[in-house]
Amino acid sequence: MQVDWVRFTPSASLAGGAMIGLAAGLSFLLLGRIAGVSGVVAGALAGPLGERAWRVAFLTGLFLAPSLLALFVTAAPPEIEGSWTRLAAAGLLVGFGSRLGSGCTSGHGVCGLSRLSPRSLAATASFMAAGFATVYVLRHALS
Amino acid sequence: MRNTLLVPFALGLLFGAGLQVSGMTSPSKVLGFLDIAGAFDPSLALVMGGAVAVGVVAFRLAKARGRALLGAPLQAPTASAIDAPLLIGGAIFGVGWGMAGICPGPAIVDLGFLDTGALVFVVAMGVGMGLERLASRISRRAADGADG
């Protein structure tokens with residue numbers, strides 16, 4: 001393993017992580033809700049009507065975050081690479097898998113680990129392992 | 001009502017700003033973490049570490065209190081089984097994550113940059129969620145039929 005020290009951003013990543021943890025923690029502390037984004041999206045699309053409002057409000061906040069941040073700093077756009085076919089296939093798998101597995105990086109990885117849930121730890125280990133394997137295959141085994 | 005919706009809105013803003021500050025809205029950063037055989041970028045581990053360090057405190061406070069500060073009951077997940085759907089779903093999610101370097105939170109934030117790639121991803125993600133709902137409904141009906 002070779003660490004890419006040039007692209008490593010320890011302080012920004014730690015600070016951003018703390019903001020994410022604060023938002024997820026306050027969602028539970030103030031609202032009693034788990035801020036797992038896949039669950040929030042699914043619930044906003046198909047959940048009971050009375051439960052949709054807070055989810056739509058939360059997602060609106062996520063969506064407007066770049067615009068808010070742009071008032072203070074010039075942030076580079078995300079530079080999403082890959083063909084539309086690949087992005088569509090990836091999105092399908094992310095949507096299907098996150099619902100079947102009851103959560104994603106935020107629901108299991110942030111909220112679940114913060115709750116010290118063994119179930120979320122298992123889910124996190126599963127998607128991390130699959131993520132490592134997929135990138136290995138795409139970047140090293142196939143090319 | 002308006003007041004109560006301001007809270008989740010502000011939390012979404014904070015969450016999204018955190019994702020951006022952390023670098024996780026950039027797929028190349030995420031893929032750099034997942035590429036352990038290449039030029040490995042450990043940043044994502046610190047994002048998780050920072051998030052969980054703060055999260056543990058907030059979740060512990062909430063649990064000790066028993067009710068949310070704004071009065072609602074805490075809706076913690078009740079499932080505890082480490083079963084096949086959890087692990088298989090996680091693995092399927094991980095493959096998609098590794099293909100694009102995008103997971104649901106950053107996808108919504110990147111959509112806020114009006115990025116067409118993010119739009120393709122988010123629409124497909126919604127379709128994938130719908131397919132899972134359909135598949136689980138069909139398999140539940142099949143199970144009910146077998147029982148009855």
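Just so it is clear: chains get the letters A, B, ... in the order the sequence lines come, proteins before strands, and each one is counted from 1.
- In this structure, the portions of Ala123(A) lying under 4.5 Å from any heavy atom of chain B include both its backbone and its side chain.
- The hydrophobic clustering, which links ILVMFWY residues whose side-chain heavy atoms are closer than 4.5 Å, places Val40(A) and Leu74(B) apart.
- Contact annotation for Ala76(B): both backbone and side-chain heavy atoms come within less than 4.5 Å of a heavy atom of chain A.
- Atom CD1 of Ile20(A) is separated from atom CG of Leu14(B) by 9.0 Å, given to the nearest 0.5 angstrom.
- The shortest distance between side-chain heavy atoms of Val94(A) and Pro104(B) falls below 4.5 Å.
- The greatest number of non-hydrogen atom pairs below 4.5 Å with chain A, out of Ala68(B), Gly16(B), Pro106(B), Ser136(B), is found for Ala68(B).
- Note on Gly25(A), Ala65(A), Ala57(A): by heavy-atom pairs under 4.5 Å with chain B, the leading option is Ala57(A).
- Rounded to the nearest 0.5 angstrom, Leu29(A) CG and Leu69(B) CG are separated by 4.5 Å.
- Residue contact with chain B, scored on non-hydrogen atoms closer than 4.5 Å, involves the side chain of Leu138(A) exclusively.
- Taking chain A as the reference chain and counting heavy-atom pairs below 4.5 Å, the highest number among Gly98(B), Ala124(B), Ala58(B), Ala39(B) is found for Ala124(B).
- Look at Arg139(A) and Asp35(B) and you find a salt bridge, because one of the NZ, NE, NH1 or NH2 atoms lies within 4.0 Å of a carboxylate O, short of that distance.
- When each of Thr116(B), Val123(B), Leu19(B), Asp83(B) is scored by its heavy-atom pairs under 4.5 Å with chain A, the top score falls to Leu19(B).
- The structure places CE of Met129(B) at 6.0 Å from CZ of Arg99(A), a figure rounded to the nearest 0.5 Å.
- Among the candidates Leu45(A), Leu113(A), Val135(A), the residue making the largest number of heavy-atom pairs closer than 4.5 Å to chain B is Val135(A).
- Among Ala133(A), Ser114(A), Gly97(A), the residue making the largest number of heavy-atom pairs under 4.5 Å with chain B is Ser114(A).
- Interface summary for chain B: among Trp5(A), Phe127(A), Tyr136(A), Trp54(A), the most heavy-atom pairs under 4.5 angstrom belong to Phe127(A).
- Contact record, Phe63(A) with Leu114(B): CZ-CD2, 4.3 Å, taken as the closest heavy-atom pair.
- Both the backbone and the side chain of Thr9(A) come within less than 4.5 Å of a heavy atom in chain B.
- Using a 4.5 Å cut-off between heavy atoms, Ile102(B) contacts chain A through both its backbone and its side chain.
- A donor-acceptor distance shorter than 3.5 angstrom exists from the side chain of Arg119(A) to the backbone of Ala81(B), with no hydrogens or angles considered.
- With rounding to the nearest 0.5 angstrom, the CE atom of Met24(B) is 10.5 Å from the OG1 atom of Thr105(A).
- In this structure, the side chains of Met128(A) and Met48(B) come closer than 4.5 Å at one or more pairs of heavy atoms.
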Please tabulate, one pair per line, all N/O donor-acceptor pairs under 3.5 Å involving side-chain atoms of residues 68-93 of chain A, not counting sequence neighbours.
{"unit_1": "Ser83(A)", "atom_1": "OG", "unit_2": "Arg86(A)", "atom_2": "N", "d": "3.1"}
{"unit_1": "Arg86(A)", "atom_1": "NE", "unit_2": "Met99(B)", "atom_2": "O", "d": "3.0"}
{"unit_1": "Arg86(A)", "atom_1": "NH2", "unit_2": "Met99(B)", "atom_2": "O", "d": "3.2"}

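- Comparing Cys103(B), Ser80(B), Ala100(B) by heavy-atom pairs within less than 4.5 Å of chain A, the highest count is held by Ser80(B).
- When the side chains of ILVMFWY residues are joined at heavy-atom separations under 4.5 Å, either directly or via intervening members, Val47(B) and Phe40(B) end up in a single hydrophobic cluster.
- For Ala46(A), the parts sitting under 4.5 Å from any heavy atom of chain B are the backbone and the side chain alike.
- Remark: Phe28(A) CZ to Arg65(B) CZ distance equals 12.0 Å, nearest 0.5 Å.
- Most heavy-atom pairs under 4.5 Å with chain A: of the set Ala45(B), Gly126(B), Gly18(B), this distinction falls to Gly18(B).
- Smallest separation of non-hydrogen atoms from Pro66(A) and Gln20(B): CA-OE1, 3.3 Å.
- Of the two parts of Pro73(B), only the backbone, made up of N, CA, C and O, holds a non-hydrogen atom closer than 4.5 Å to a non-hydrogen atom of chain A.
- Proximity to chain A is limited to the backbone of Thr25(B), based on heavy atoms less than 4.5 angstrom apart.
- Looking at heavy atoms from C-beta onward, Pro8(B) lies out of side-chain contact with Arg55(A) at the 4.5 angstrom threshold.
- Residues Phe59(B) and Cys111(A) are in side-chain contact: their nearest non-hydrogen atoms beyond the backbone lie under 4.5 Å apart.
- Both Ile108(B) and Met19(A) are part of a single hydrophobic cluster, where members link through side-chain heavy atoms under 4.5 Å apart.
- Contact detail for Val52(B) and Val110(A): the closest heavy-atom pair is CG2-O, 4.2 Å.
- Val7(B) and Leu62(A) fall within a single hydrophobic cluster, where Ile, Leu, Val, Met, Phe, Trp and Tyr are joined by side-chain heavy atoms under 4.5 Å apart, directly or via other members.
- With ring centers used as reference points, Phe15(B) lies under 6.0 Å from Phe58(A).
- For chain A, the nearby parts of Ala79(B) are the backbone and the side chain; heavy atoms of each come within less than 4.5 Å.
- Heavy atoms closer than 4.5 Å to chain A are found nowhere in Ala53(B), neither backbone nor side chain.
- Between chain B and the options Gly109(A), Ser117(A), Ser106(A), heavy-atom pairs under 4.5 Å are most frequent for Gly109(A).
- Aromatic ring pairs are classed by plane angle as parallel below 30°, tilted from 30° to 60° and perpendicular above 60°; the pair Phe132(A) and Phe33(B) is tilted.
- Using modelled atom types, no side-chain atom of Ser22(B) and backbone atom of Ser13(A) make a donor-acceptor pair closer than 3.5 Å.
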For this session: Might you work through the side-chain contact (heavy atoms from CB on, under 4.5 Å) test for Val41(A) and Val122(B), ending with a clear yes or no?
Result: CA-CA 10 Å; Val41(A) 170; Val122(B) 168; over 6 Å; no
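- The shortest non-hydrogen separation linking Thr134(A) to Gly94(B) is OG1-O, 4.2 Å.
- Counting non-hydrogen atoms of other residues, nucleotides and ligands closer than 6.0 Å to CZ of Arg52(A) gives a total above 12.
- The distance from the NZ atom of Lys29(B) to the CZ atom of Arg7(A) is 6.5 Å, given to the nearest 0.5 Å.
- Of the residues considered (Ala72(B), Ser26(B), Ala91(B)), Ala91(B) shows the highest number of contacts with chain A, using heavy-atom pairs under 4.5 Å.
- Proximity to chain A (any heavy atom under 4.5 Å) is shown, for Pro77(B), by both the backbone and the side chain.
- Note on Ile36(B): it clusters hydrophobically with Val3(A), by side-chain heavy-atom contacts below 4.5 Å among ILVMFWY residues.
- Residues Leu100(A) and Phe93(B) fail the side-chain proximity criterion, which asks for heavy atoms closer than 4.5 Å.
- The most heavy-atom pairs under 4.5 Å with chain B, out of Ser102(A), Ser27(A), Gly112(A), come from Ser27(A).
- Proximity of Phe9(B) to Leu64(A): side-chain heavy atoms (C-beta onward) are separated by under 4.5 Å at one or more points.
- Contacts between Ser120(A) and chain B at a heavy-atom distance below 4.5 Å are absent for every atom of the residue.
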